[in-house]
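Worksheet: the structure to be examined is printed underneath.
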Amino acid sequence: IGSGYGGTPLKVSRFVQKPLRSILVDLPLNLTTAYAYISMNSSKRCYLVSSLSDLDLLDDKRFDESHFVFVPTLFVEELASRVDSIDLLYNHGSFSEMDLLTIEFYLDLFVDGISTYLYEINSNLPVLNTGDHIEIPSSTFPVSEKYCLLSRTYSINQATRYMQSLYRLS
């Protein structure tokens, strides 16, 4: 959830030895940036979803090569209905920029029993950001009781600003 510029999923795809489907979800402008970055820096296939029918490629659960699927937030509910399981749901910074109801919406769609792991790096404190939004501390995220917290520690790159938390489906 939240593609950023695409650097993290691209790095992960280089380390994983088996075929990997990386699904990036974001607002169209951010998603386009990630699509451009990844497609310019990887030989792996990149699919930019622009209609619901483009999600049909997710129906094929077996694939032989790693690829990236870029999905605008407009299609998240349809995406959730087509995905049976997610090995790892990753979010870095986007949840804290949302309001609590939106965070709950995404967690209900993609985490509650669907994702094996949730790894998030988000705000540690309710700080006012540049958009006049008070960030939601990650310790208050409504993560389902089906998940156990394996680790919570300060993020290495911004010592007290962000916490990184890893959850596993129990």
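Atoms considered below: every heavy atom in the structure, side chains included; atoms not considered: hydrogens, waters and symmetry mates. Source: prediction; values computed, not measured.
To the nearest 0.5 Å, atoms CD (Glu135) and OH (Tyr162) are separated by 5.5 Å. Of the inter-residue distances, the one linking Leu166 atom CG with Thr153 atom OG1 reads 12.0 Å to the nearest 0.5 angstrom. Atom OG of Ser22 is separated from atom CD1 of Ile38 by 7.5 Å, given to the nearest 0.5 angstrom. We find the CD1-CG distance between Ile114 and Asp108 to be 9.5 Å, quoted to the nearest 0.5 Å. Here Thr73 contributes atom OG1 and Leu31 contributes atom CG; the two are 8.5 Å apart, rounded to the nearest 0.5 Å. To the nearest 0.5 Å, the span separating NZ on Lys18 from OG on Ser66 amounts to 9.5 Å.
Closest of all the heavy-atom pairs between Leu149 and Ser165 is CD1-CB, 4.0 Å. In this structure, Ser42 and Phe68 approach most closely via the heavy-atom pair OG-CE1, 4.2 Å. The two residues Asn41 and Arg14 come nearest to each other via the heavy atoms O-NH2, 2.7 Å. The two residues Pro19 and Asp64 make their nearest non-hydrogen contact at CG-O, 3.4 Å. The minimum heavy-atom distance between Tyr147 and Ser115, with the atom names listed, is OH-O, 2.6 Å. The heavy-atom pair separating Gln164 from Tyr154 by the smallest distance is NE2-O, 3.8 Å.
Residues Leu52 and Val76 share a single hydrophobic cluster, defined by chaining ILVMFWY side chains whose heavy atoms lie under 4.5 Å apart. Linking ILVMFWY residues whenever their side-chain heavy atoms come closer than 4.5 Å, directly or via other members, leaves Phe110 and Tyr117 in distinct clusters. Note on Val71 and Leu48: separate hydrophobic clusters, where clusters join Ile, Leu, Val, Met, Phe, Trp and Tyr whose side-chain heavy atoms are under 4.5 Å apart, directly or indirectly. Cluster membership for Tyr119 and Leu107, using ILVMFWY side-chain heavy atoms within less than 4.5 angstrom, is not shared. The cluster map of Ile, Leu, Val, Met, Phe, Trp and Tyr, joined by side-chain heavy atoms under 4.5 Å apart, puts Leu109 and Leu74 in the same cluster.
Using a distance-only test at 3.5 Å, with no hydrogens or angles considered, no donor-acceptor pair links the side chain of Asp60 to the main chain of Leu57. Judged by distance alone, with hydrogens and angles left aside, the side-chain atoms of Ser3 form no donor-acceptor pair with the main-chain N or O of Tyr5 at under 3.5 Å. In this structure a side-chain-to-backbone donor-acceptor pair under 3.5 Å is present from Gln17 to Phe15. Judged purely by atom type and a 3.5 angstrom limit, His67 has no side-chain atom pairing as donor or acceptor with the backbone of Lys44. Judged by distance alone, the side chain of Ser39 and the main-chain N or O of Ala36 form a donor-acceptor pair under 3.5 Å.
Between Ile136 and Met98, the closest side-chain pair of non-hydrogen atoms is not below 4.5 Å. Leu58 places none of its side-chain heavy atoms less than 4.5 Å from the side chain of Tyr47. The closest side-chain heavy-atom distance from Ser51 to Asp54 is below 4.5 Å.
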Problem set entry | side-chain contact (heavy atoms from CB on, under 4.5 Å) between Phe70 and Cys46, worked out | CA-CA 8 Å; Phe70 300 82; Cys46 294; 3.8 Å; yes

Exercise. For Leu100 and Glu104, what are the C-alpha separation, side-chain angles and deciding distance, and is it a side-chain contact (heavy atoms from CB on, under 4.5 Å)?
Worked result: CA-CA 6 Å; Leu100 195 55; Glu104 185 174 19; 5.8 Å; no

Exercise. Between Arg161 and Ser123, does a side-chain contact (heavy atoms from CB on, under 4.5 Å) hold up when you go through it step by step?
Worked result: CA-CA 6 Å; Arg161 171 90 163 85; Ser123 186; 3.6 Å; yes

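Dense packing is recorded around CZ of Arg152, with more than 12 heavy atoms of other residues, nucleotides or ligands lying under 6.0 Å away. Within 6.0 Å of NZ on Lys11 lie no more than 12 heavy atoms contributed by other residues, nucleotides or ligands.
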Would you be so kind as to tabulate the donor-acceptor pairs closer than 3.5 Å made by side chains of residues 79-91, with sequence neighbours excluded?
residue : atom : partner : partner atom : Å
Ser81   : OG   : Glu78   : O            : 2.7
Arg82   : NE   : Glu78   : OE2          : 2.7
Arg82   : NH1  : Leu55   : O            : 3.3
Arg82   : NH1  : Asp56   : OD1          : 2.9
Arg82   : NH1  : Asp59   : OD1          : 3.4
Arg82   : NH1  : Asp59   : OD2          : 3.4
Arg82   : NH2  : Asp56   : OD1          : 3.2
Arg82   : NH2  : Glu78   : OE2          : 3.3
Tyr90   : OH   : His92   : ND1          : 3.1
Asn91   : OD1  : Ser94   : N            : 3.4
Asn91   : OD1  : Phe95   : N            : 3.1
Asn91   : OD1  : Asn122  : ND2          : 3.0
Asn91   : ND2  : Ile1    : O            : 2.8

Got a list of side-chain donor-acceptor pairs under 3.5 Å for residues 137-144, not counting sequence neighbours?
residue : atom : partner : partner atom : Å
Thr140  : OG1  : Pro137  : O            : 2.7
Ser144  : OG   : Asp112  : OD1          : 3.1
Ser144  : OG   : Lys146  : N            : 3.1

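The ring-ring contact (aromatic ring centres under 6.0 Å, His included) check on Phe105 picks up nothing, with sequence neighbours excluded.
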